[in-house]
Number of protein chains: 2
Amino acid sequence: MPTDATLPSRARASDELLRTALEQFATVGFAGTSLQQIADHAGYSKSSVLYHYASKEALLEAAITPAIERLEALVDDFAEGRRSDAARGVFITRFVDLLLGERLAVHLFVSQGHSLGGIPIVERGNAAIRVLADAICSGATLVEQMRFGVALAGATYALVAGATFFDDVEMSELTNSHDDDEMRAALVEVVSELLLPADGRQTR
Amino acid sequence: MPTDATLPSRARASDELLRTALEQFATVGFAGTSLQQIADHAGYSKSSVLYHYASKEALLEAAITPAIERLEALVDDFAEGRRSDAARGVFITRFVDLLLGERLAVHLFVSQGHSLGGIPIVERGNAAIRVLADAICSGATLVEQMRFGVALAGATYALVAGATFFDDVEMSELTNSHDDDEMRAALVEVVSELLLPADGRQTR
DNA sequence: GCAGGATCTGACCGATCGGTCAATTACCGT
DNA sequence: ACGGTAATTGACCGATCGGTCAGATCCTGC
């Protein structure tokens, strides 16, 4: 028998725990989630959680690292490239894709990034956001900055708020597939309206 | 001697505690804040905190109730009124003023409203948001809904994110007076761009 | 100056926190 | 069949949690 990629009924325990932890962290907060809750929710004992992950913090790190690294890559590309309209366009779509693809991690990072100051991976994420903000703010008017801030923050938070207020069904699980396509299109359009030099409005 | 409104050096103890608690709840989260922390930060003992407020939850309730009630009033006025452009305009400015005037409470409510499901005052706030969302969504296209969502969420979160990433100085204390004026103007402009039928874009 | 409420505090409570450890069980190559 | 590693668990630890309670201490009206 293969050691992994076996029957789909029971995925790797560490993955189950990671998914459960991310879901809990995102919904009730990092501080508000106990290892016991995670263990219960995933069907393991608290000791098992700590066997797979050295600490609660390690669990958090494992949960959001992929999303943070995607964010870093996106920000780096945008920051060092010139800010042509085309560059802005691809940035917007990549940003929206990141939001949709990493909902839970984004929710977690975005709404608790400030409180989780000490954790290294969170600091990396905060640093990336700061780089992005600098790239935006250099030589821009306040209104222009605000436009960028509202666009990105709005897109981000619209998802989070949507998840917060409108999930009758659990917001966990896998992607909502078909809804995401409409959502993606609408988000890209609205953000583009704000950030691209549509019609006769000045870009800067 | 008067029983209150006396020397400004030491305000009412319950007010000090309330301010400290709100600040802590907003910065490190409700679950992440202990009564001991609040007591230490305010210069009292934990017992004193529980003398003035019956429980941690009561402290939270007292801290955000004013902001929630302002929100309810605003949402009610908007929801029952017809949605003319003028009505939208006054809604926008009132909304921005609410954000600026109740920063900490908004931050707290917005970024933890979901996790604090059980608390009655939080539920009232969530209900108000839902009423607002319904008023917006009824008979609107997805893009239109998204425009509204991004605008309000963006304005809200731009403040929160700003507070999260850009306060060299403590974000506590009183209002930043002069900065707020520029901020207010910029916010109103950007939100208006999105929500008002500027130039030749269709309103609906 | 004294009675009495308002305020403040330390000691204490059971529960739960994150985390350690030794022992047990499941599984796999040989 | 066996040996060893990976996985899982309950017992247990000190610390801290939110909250109670019985005094201290202060302050004020009489």
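All chains are named by letter (A, B, ...) in the order of the sequence lines, taking the proteins before the strands, and each is independently numbered beginning at 1.
- For the ring pair (Phe, Tyr, Trp, His ring centres under 6.0 Å) test, no residue two or more places apart in sequence or in another chain qualifies with B/Phe148.
- Residues satisfying the side chain to side chain donor-acceptor pair (under 3.5 Å) test with B/Glu123, not counting sequence neighbours, are none.
- Scored by the salt bridge (charged side-chain N to carboxylate O under 4.0 Å, His left out) test, A/Asp76 finds no partners at all (sequence neighbours excluded).
- Under the salt bridge (charged side-chain N to carboxylate O under 4.0 Å, His left out) criterion, A/Asp77 pairs with A/Arg94, sequence neighbours left out.
- With sequence neighbours left out, A/Tyr53 forms a ring pair (Phe, Tyr, Trp, His ring centres under 6.0 Å) with no residue at all.
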All N/O contacts under 3.5 Å from nucleotides 22-24 of chain C to the protein, with atom names and distances to one decimal?
none

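- Between B/Arg12 atom CZ and C/dA6 atom C1' the separation is 10 Å, expressed in whole Å.
- Whole-Å rounding puts the A/Tyr53 OH to C/dT20 P distance at 17 Å.
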Fill in the blank from the handout: Letter by letter from the 5' end, nucleotides 18-27 of chain D scores (B base, S sugar-phosphate only, - none; protein heavy atoms under 4.0 Å) BBB-------

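- Between A/Tyr51 atom OH and D/dT8 atom C1' there is a gap of 9 Å when expressed in whole angstrom units.
- When the side-chain nitrogen and oxygen atoms of B/His52 are compared with OP1 and OP2 of C/dC8, one or more of them lie within a distance under 4.0 Å.
- In this structure, of D/dT8, C/dC8, C/dC17, it is D/dT8 that holds the atom nearest to the side chain of A/Ser48.
- Listed by chain and number, the residues in a ring pair (Phe, Tyr, Trp, His ring centres under 6.0 Å) with A/Tyr51 amount to none (sequence neighbours excluded).
- Side-chain atoms of B/Gln112 come within 3.5 Å of backbone atoms of B/Phe25 as a donor-acceptor pair (strictly under, hydrogens ignored).
- Residue pairs meeting the side chain to side chain donor-acceptor pair (under 3.5 Å) criterion with at least one partner in residues 57-69 of chain B, sequence neighbours excluded, are absent.
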